[in-house]
Number of protein chains: 2
Amino acid sequence: MSAPVPSSPPSDRVPLSRDRVLASAVAVADAQGLSGLTIRSLAGDLGVKPMSVYHHVANKEEILDGIVDAVFGEMEVPSDQGEWRAEMTRRARSARAALRRHPWAIGLMESRTNPGPATLRHHDASIGMLRAGGFSVVLTAHALALVDSYVYGFALQETGLPFEGADTAAEVAGTMLEQFATGQYPHLVELAEQHVMRPGYDFGDEFGFGLELILDGLAAARQ
Amino acid sequence: MSAPVPSSPPSDRVPLSRDRVLASAVAVADAQGLSGLTIRSLAGDLGVKPMSVYHHVANKEEILDGIVDAVFGEMEVPSDQGEWRAEMTRRARSARAALRRHPWAIGLMESRTNPGPATLRHHDASIGMLRAGGFSVVLTAHALALVDSYVYGFALQETGLPFEGADTAAEVAGTMLEQFATGQYPHLVELAEQHVMRPGYDFGDEFGFGLELILDGLAAARQ
DNA sequence: TAGCACCCCCGTACTTTGTACGGTACGGTC
DNA sequence: GACCGTACCGTACAAAGTACGGGGGTGCTA
């Protein structure tokens with residue numbers, strides 16, 4: 001733990017830039033969580049002293065805005081050439097994947113009211129695709145609000161889950177089981193025993209069910 | 001601004017308690033935002049010195065867990081006596097209302113993996129209600145994941161909106177319009193001009209559309 | 001009624017974090 | 001060679017979480 005370990009190879013001559021700062025910020029947040037992202041840890045990752053960062057961003061808020069926009073930049077941008085339902089599926093799945101790679105982004109979205117260029121581009125393309133797919137202006141607004149709510153909310157629940165895989169589940173079970181043991185939550189216990197705790201269950205698999213249901217509904221509304 | 005102004009009336013003899021701490025924490029977060037909720041501001045609101053708080057909670061994390069659970073406690077608990085669709089509607093609307101009253105809760109949910117008693121009770125009752133309404137165990141899991149994703153995601157978008165009412169919209173418009181003016185986001189502009197910027201538009205109204213669509217889909221799946 | 005235990009609260013101080021302020025080194029231009 | 005802008009750094013301070021060690025009031029026991 002003596003020398004800082006930059007996430008990017010020590011190609012030392014690269015002179016730092018807003019983009020390098022944001023890329024490092026994403027990497028640090030991925031590795032240490034949002035609370036681990038401090039100006040000092042970020043500078044350490046960049047192989048630079050803390051105050052140097054401030055020559056490329058105004059303050060930490062701007063960094064937070066920037067990394068949220070970076071996450072939007074990782075989502076696939078829909079094309080208005082494709083069939084709307086396939087495009088929406090692709091869009092939703094890649095959005096969920098991006099939010100899974102960067103779970104801290106969800107918590108940040110509430111509080112950032114400053115959409116960046118990638119965010120705007122993403123939304124613009126989505127609207128264009130639906131309009132090209134025959135959706136009215138009003139129905140486009142409905143559809144995007146609905147699908148995005150579902151995607152963000154699903155990601156929120158997914159990252160807020162008490163367990164990651166089967167490995168940590170036991171520990172959590174210990175914490176909660178004392179409460180369950182009192183018999184106060186019979187339905188929760190039933191659902192856990194008969195479904196969630198069964199081998200092979202993965203909350204992530206619920207995503208497809210809801211997405212299809214929603215797209216079915218939108219297809220019907222489009223008529 | 002000399003004396004601290006407690007949010008609760010200065011009924012001074014009440015001796016502080018975990019519940020009073022959490023209630024004040026909710027009030028402070030509502031008033032100042034989550035970043036305004038510090039041990040010192042909380043103590044100030046309680047009319048007490050900072051370290052006194054630590055006799056009732058272990059640390060700030062526990063406060064954050066506690067206020068999230070408090071928000072869940074404000075949501076109406078579904079009854080397994082009622083008709084499932086009406087109960088789900090009531091549940092979803094009251095959840096959204098609670099998250100609107102306490103926008104900071106959404107950002108907190110990601111990061112809190114420690115559900116409190118109100119949260120567990122809420123989920124338990126919801127499961128029981130759906131089971132009583134004829135949903136299979138598997139479909140119950142699907143339905144809750146779907147509806148909750150929608151509700152949380154909608155709330156997330158709602159609080160992340162760049163404007164509150166028509167009042168601040170102008171300011172935001174100024175910030176973004178320079179980007180819009182470049183013509184990079186034609187579809188966004190169309191949607192804004194023809195729909196969102198029209199008098200009477202309220203993003204909150206989108207909620208009902210998606211909820212009904214989802215419940216229609218679940219009703220069909222239940223057969 | 002004197003003594004005592006205990007619960008609740010507080011004063012002080014240390015650590016971590018964001019960031020203001022003023023350098024300093026280096027490359028280019030007149 | 002004098003000047004200057006760009007990029008980075010050293011120092012320092014304020015705000016926030018919280019460890020540690022009291023102290024004062026209330027009620028119990030003798």
Side-chain angles (χ1 to χ4, degrees), chain A residues 1-4 6 8 10-29 31-68 104 107-108 111-112 114, chain B residues 1-4 6 8 10-29 31-68 104 107-108 111-112 114:
Chain A
M1 231 178 128
S2 49
S8 43
S11 49
D12 249 357
R13 294 301 87 191
V14 194
L16 205 54
S17 67
R18 188 188 143 92
D19 280 351
R20 285 222 311 140
V21 167
L22 293 182
S24 258
V26 168
V28 172
Q32 331 259 344
L34 201 53
S35 66
L37 174 61
T38 69
I39 297 293
R40 286 171 231 269
S41 68
L42 175 57
D45 187 73
L46 285 162
V48 141
K49 291 299 155 73
M51 286 313 291
S52 305
V53 172
Y54 284 96
H55 272 264
H56 300 93
V57 294
N59 48 41
K60 191 170 178 182
E61 287 287 290
E62 192 180 314
I63 296 177
L64 298 180
D65 283 338
I67 60 178
V68 168
W104 41 264
L108 272 186
S111 78
R112 313 286 103 205
N114 229 318
Chain B
M1 229 179 127
S2 48
S8 42
S11 47
D12 249 356
R13 293 301 88 192
V14 194
L16 206 55
S17 67
R18 190 187 143 91
D19 281 351
R20 283 220 315 139
V21 167
L22 293 182
S24 259
V26 168
V28 172
Q32 331 258 345
L34 201 54
S35 65
L37 174 61
T38 69
I39 297 293
R40 286 170 231 266
S41 68
L42 175 57
D45 187 73
L46 286 162
V48 142
K49 292 299 155 74
M51 286 312 293
S52 305
V53 171
Y54 284 97
H55 272 264
H56 299 93
V57 294
N59 48 40
K60 191 170 177 180
E61 287 288 290
E62 192 180 313
I63 296 176
L64 298 180
D65 282 338
I67 60 179
V68 168
W104 41 262
L108 271 186
S111 78
R112 312 286 104 206
N114 229 318

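Note: hydrogens, waters and symmetry copies are ignored here, and every other heavy atom, side chains too, is used. Throughout, protein chains are lettered first and strands after them, A, B, ... in sequence-line order, and every chain is numbered starting at 1. Computed from a predicted structure; not experimentally measured.
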Q: Indicate yes or no: at least one non-hydrogen side-chain atom of A:His56 is less than 4.5 angstrom from one of A:Arg20.
A: no
Q: Could you say whether A:His56 or B:Tyr54 is positioned toward the 5' end of DNA chain D, judged by the nucleotide with the nearest heavy atom to each?
A: A:His56
Q. More 5' along DNA chain C: A:Ser35 or A:Ala58, using each one's nearest nucleotide?
A. A:Ser35
(Q) Are A:Leu46 and A:Leu42 packed together at the side-chain level, in the sense that at least one heavy-atom pair is separated by less than 4.5 angstrom? (A) yes
Q. Please give, in whole Å, the distance from C:dT19 C1' to A:Glu62 CD?
A. 14 Å
Quick test: give all pairs of protein nitrogen or oxygen and nucleotides 11-13 of chain C nitrogen or oxygen below 3.5 Å, distance rounded to 0.1 Å.
unit_1, atom_1, unit_2, atom_2, d
C:dG11, OP2, B:Lys49, NZ, 3.3

Q: Output the distance between atom NZ (B:Lys49) and atom CZ (B:Arg40), rounded to the nearest 0.5 Å.
A: 12.0 Å
Q | Side-chain heavy atoms of B:Ile67 within contact of B:Trp104, under 4.5 Å | A | yes
Q) Does a side-chain N or O from B:Ser52 land closer than 4.0 Å to OP1 or OP2 of C:dC10, or not? A) yes
**Q.** Least distance between heavy atoms, A:Ala29 atom then A:Leu37 atom
**A.** CB-CD2, 4.5 Å
Q. Knowing that exactly one of B:Val68, B:Val26, B:Val53 qualifies, which makes a side chain to side chain contact (heavy atoms under 4.5 Å, CB included) with B:Ile63?
A. B:Val53
Q. If you measure from CG on B:Leu64 to CG on B:Asn114, what distance do you get to the nearest 0.5 Å?
A. 11.5 Å
Q: Rounded off to whole Å, could you give me the CG-to-P distance for the A:Asn59 and C:dA20 pair?
A: 8 Å
Q.
With nearest nucleotide decided by heavy atoms, which residue, B:His55 or B:Lys60, maps closer to the 5′ end of DNA chain D?
A. B:Lys60
(Q) For chain B and DNA chain D, what are the first and last nucleotides along the strand, 5' to 3', with at least one atom under 4.0 angstrom from a heavy atom of the protein chain? (A) D:dA16 to D:dC20
Q: Quick one: pull up OG in A:Ser52 and CD1 in A:Ile39 and give me the separation to the nearest 0.5 Å.
A: 11.0 Å
